[in-house]
Every structure is written in structure tokens, then in C-alpha cells.
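Both ligands and their constituent atoms are indexed starting at 1 by order of listing. Keep in mind that what you see is a predicted model, and the values were worked out from it rather than measured. All values below come from the heavy atoms of this structure, side chains included, with hydrogens, waters and symmetry mates left out.
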Amino acid sequence: MNKRIVVTGGTKGIGRAIIEKFAANGFEIITCSRNNDDLEILKNKIEKRYNTKVYTKMLDISNNKEVNDFGAYVLSLGGADVLVNNAGVFIPGQVHEEEEGVLENMMNTNLYSAYHLTRKIIPEMMKRKNGHVFNICSTASIMPYVNGGSYCISKYALLGMTKVLREEMKIHDVKVTAIMPGATFTSSWEGADLPEDRFMKAEDVAESVYGAYHLSKSAVIEEIIMRPQLGDI
Ligand code: NAP
């Protein structure tokens, strides 16, 4: 049976690149986003290009009920070998002046989504004593910066969740990895007045995820920190 990967937010950017990489290596794909047209286009392209199966669900990952339903959908397909909690949003601002509700929005989207989806899917991995959870954190998980505001708060918290989950999963043979990319050229950076080659490519992040996945059972890469060659932007 083919291996299966769940990637949240798979229609663009880093999630999309991870899907391409794993599909090219024989994985079936389960993914979600808020835009059904984008999901349909992705499904058609990936299924044709890699001769694999792509399952999609339109949902808002910031909504707990929709996340739980998505988790149930994944289990109904037989669970997953790899879970990548990728979907996230970046709203720039400063803690002392950002709009009311920005923290809640980013905590829901960037942290609670990963928490609830992981809790739903990981028991099946534990039962099989096999599985790998990747949380797409950020250099903002370890380095606060002005205008990072609530994004930094949510990404620090996601790294915290990753670290405690790693401890919990040691005896269950489930691997847990935090990926911490710096500036990566995706739609998140649309409008930035900087040359594309000043950024990392989403494909570089995907290569790192696949490399960390592709180890023997006895080794876990706990954290990967990546930055553009010229450093942070
Ligand atoms: P992106 O290009 O904006 O893509 C985000 C993906 O997530 C899209 O498929 C988007 O589809 C989906 N998504 C966003 N909000 C969603 C929601 N509420 N419900 C369901 N799907 C949602 O983002 P990216 O730059 O690749 O970032 C991916 C992850 O990497 C994020 O967690 C981000 O914080 C992290 N990261 C990015 C960078 C960077 O420089 N790009 C650096 C460090 C970490 P829809 O909009 O159609 O829903």
C-alpha cells in the first residue's frame, strides 16, 4: 500500500512544495485549504504528474470543528504516515498596537489547528508505532523581532508544542520535527520590494522535510533552522 502524507495548506508555497516532493516519491496526498478551485487544480495536476491519489477538503483551519472533521476524514482513509502542520498566516504588527483579535486569529490558525489535528491523527500512528509529525514553525519561533507581534507569539508556542510532543512520542516510535525556516519566497511575501533570490525557495524547505523524513528508524532530526544565504530579511 502507498504511504500517505497529510499537509495542511497545500495549495501554495511551502505546503505545495512539500506535496510535490512527497508525491514524486510515491506518496498519496491528503490536503486542505479555504479555496476549492485551488484544491481542484492541485488535485488534477499532482494526480496526472505523479500518478498518485490526492484527497482534498475545503476548510478553514482556524475553526476547531472543521479541523476535527478533517482529522476524522484522514482516519476514514486509513490514517497517515506523515503529518505536516503547515497552514499558517502572518499578520505583521506590534503587540502594543496591533488590532484587537489578531492574536486570537493567529493562535487559532497557527497553533490550535496543529494541536487539534495532531491529537486526532497521532493515536493511530502510536498504535502502529510508526509515523512522523512535522510542525512548520519559523525563525520567529526562536527570534523575536519588531513587527512580528502575535505571529512570534504563535510560532514560539508552536515550537513549544513540538518540543513537548517530541518528549511524549519517544516511547511510541513516532518522530516529531520542528522546521524553522527564515524568509521563503511565497505568496506571504507578495508586494515585498526585494529580489526573489534574496529569499529561500519553498522547494529548499521541502527538500529538508523529505531529508529529515528519510532516515532510519533509530534517528530523529528534532529541529531544522534554515535561513537565506544572506541571512534574515
Ligand atoms: P502561503 O504561500 O500563504 O500558503 C499558505 C497555505 O495555507 C495556502 O495553501 C493557504 O490556502 C492555506 N491556508 C492559509 N490559511 C488557511 C486557513 N485558515 N485554513 C485553511 N488553509 C489555510 O504560506 P507559506 O509562506 O508557504 O507559509 C506556510 C507555513 O510556513 C506557515 O505556517 C508560515 O508561517 C510558515 N513560514 C513561512 C515563511 C515564509 O517566509 N514564507 C517563513 C517561516 C515560516 P488558502 O489561503 O486558499 O486557504
Side-chain angles (χ1 to χ4, degrees), residues 6-21 29-43 45-46 54 56-71 73 83-92 102 104-117 134-143 145 147-159 161-162 177-192 194 196 198-206 208-209 223-228 231-233:
V6 177
V7 182
T8 62
T11 54
K12 299 178 204 154
I14 292 171
R16 169 71 192 248
I18 292 170
I19 285 175
E20 294 263 357
K21 183 71 196 174
I29 309 295
I30 311 173
T31 191
C32 61
S33 82
R34 290 166 297 185
N35 185 308
N36 209 36
D37 291 345
D38 287 351
L39 287 168
E40 275 303 302
I41 292 167
L42 175 83
K43 178 178 165 64
K45 279 200 179 143
I46 299 289
V54 178
T56 64
K57 267 261 183 286
M58 184 179 76
L59 58 82
D60 185 343
I61 204 101
S62 67
N63 179 307
N64 274 355
K65 182 178 177 322
E66 293 183 34
V67 172
N68 277 316
D69 289 350
F70 182 57
Y73 175 63
L83 165 63
V84 184
N85 289 305
N86 165 73
V89 62
F90 170 63
I91 303 168
V102 162
E104 287 79 358
N105 179 1
M106 279 194 276
M107 290 299 274
N108 283 331
T109 309
N110 300 352
L111 177 69
Y112 296 159
S113 62
Y115 174 84
H116 291 295
L117 188 60
F134 290 89
N135 289 332
I136 307 299
C137 300
S138 169
T139 47
S141 296
I142 49 169
M143 187 194 64
Y145 58 95
N147 236 24
S150 287
Y151 181 74
C152 282
I153 298 173
S154 71
K155 290 293 183 179
Y156 263 78
L158 183 60
L159 179 59
M161 174 187 138
T162 314
T177 303
I179 305 288
M180 289 178 267
T184 309
F185 193 75
T186 68
S187 61
S188 306
W189 285 93
E190 253 165 31
L194 284 164
E196 194 174 326
R198 183 61 183 83
F199 296 82
M200 293 188 296
K201 295 181 193 318
E203 290 75 15
D204 291 324
V205 181
S208 302
V209 172
E223 297 181 355
I224 294 182
I225 301 172
M226 306 176 68
R227 289 193 160 89
D232 289 322
I233 287 172

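Counting protein heavy atoms only, atom 15 (N) of ligand 1 is closest to Arg34 NH2, 3.2 Å. Considering only non-hydrogen protein atoms, atom 44 (C) of ligand 1 sits nearest to Cys137 O, 3.3 Å.
Below 4.0 Å from some heavy atom of Asn35 lie the following atoms of ligand 1, by number and element: 47 (O). Heavy-atom proximity to Asp60, at under 4.0 Å, picks out these atoms of ligand 1: 17 (C), 18 (N), 19 (N). Near Leu59, meaning under 4.0 Å from any of its heavy atoms, are these atoms of ligand 1: 19 (N), 20 (C). Close approach to Trp189 involves these atoms of ligand 1, each under 4.0 Å from a residue heavy atom: 39 (C), 40 (O), 41 (N). Listed by atom number, the atoms of ligand 1 under 4.0 Å from Ser188 heavy atoms are 1 (P), 3 (O), 23 (O), 24 (P), 25 (O). Shown in contact with Gly13 at under 4.0 Å from a heavy atom are these atoms of ligand 1, numbered in order with element: 2 (O), 26 (O).
Checked against a 3.5 angstrom limit, the closest N/O atoms of Ser138 and ligand 1 fall outside it. In terms of N/O distances under 3.5 Å, ligand 1 is approached by Ile14. Inclusion of Cys32 in the set of residues having an N or O under 3.5 Å from an N or O of ligand 1 is not warranted. Between Lys12 and ligand 1, at least one N/O pair is under 3.5 Å apart.
Contact analysis puts Lys155 in contact with ligand 1, with a non-hydrogen atom separation below 4.0 angstrom. Using a non-hydrogen distance threshold of 4.0 Å, Phe185 does not register as a contact of ligand 1. Heavy-atom separations between Tyr151 and ligand 1 include at least one value shorter than 4.0 Å.
The salt bridge (Lys or Arg N to Asp or Glu O under 4.0 Å) test applied to Asp232 returns Arg227, not counting sequence neighbours. Residues forming a side chain to side chain donor-acceptor pair (under 3.5 Å) with Ser208 (at least two apart in sequence, or on another chain): none.
Among Pro228, Ala87, Ser187, Ala140, the residue whose heavy atom lies nearest to atom 2 (O) of ligand 1 is Ser187. Considering Leu42, Ile136, Asn86, Thr139 only, the shortest heavy-atom separation from atom 32 (O) of ligand 1 involves Asn86. Of the options Ala183, Ala114, Ala202, Gly182, the smallest heavy-atom separation from atom 42 (C) of ligand 1 is shown by Gly182.
With no hydrogens or angles considered, no side-chain donor-acceptor pair links Ser33 and Asp38 at under 3.5 Å.
Ring geometry for Tyr151 against Phe90 counts as perpendicular: the plane angle is over 60°, on a 0 to 90° scale with 30° as the lower cut.
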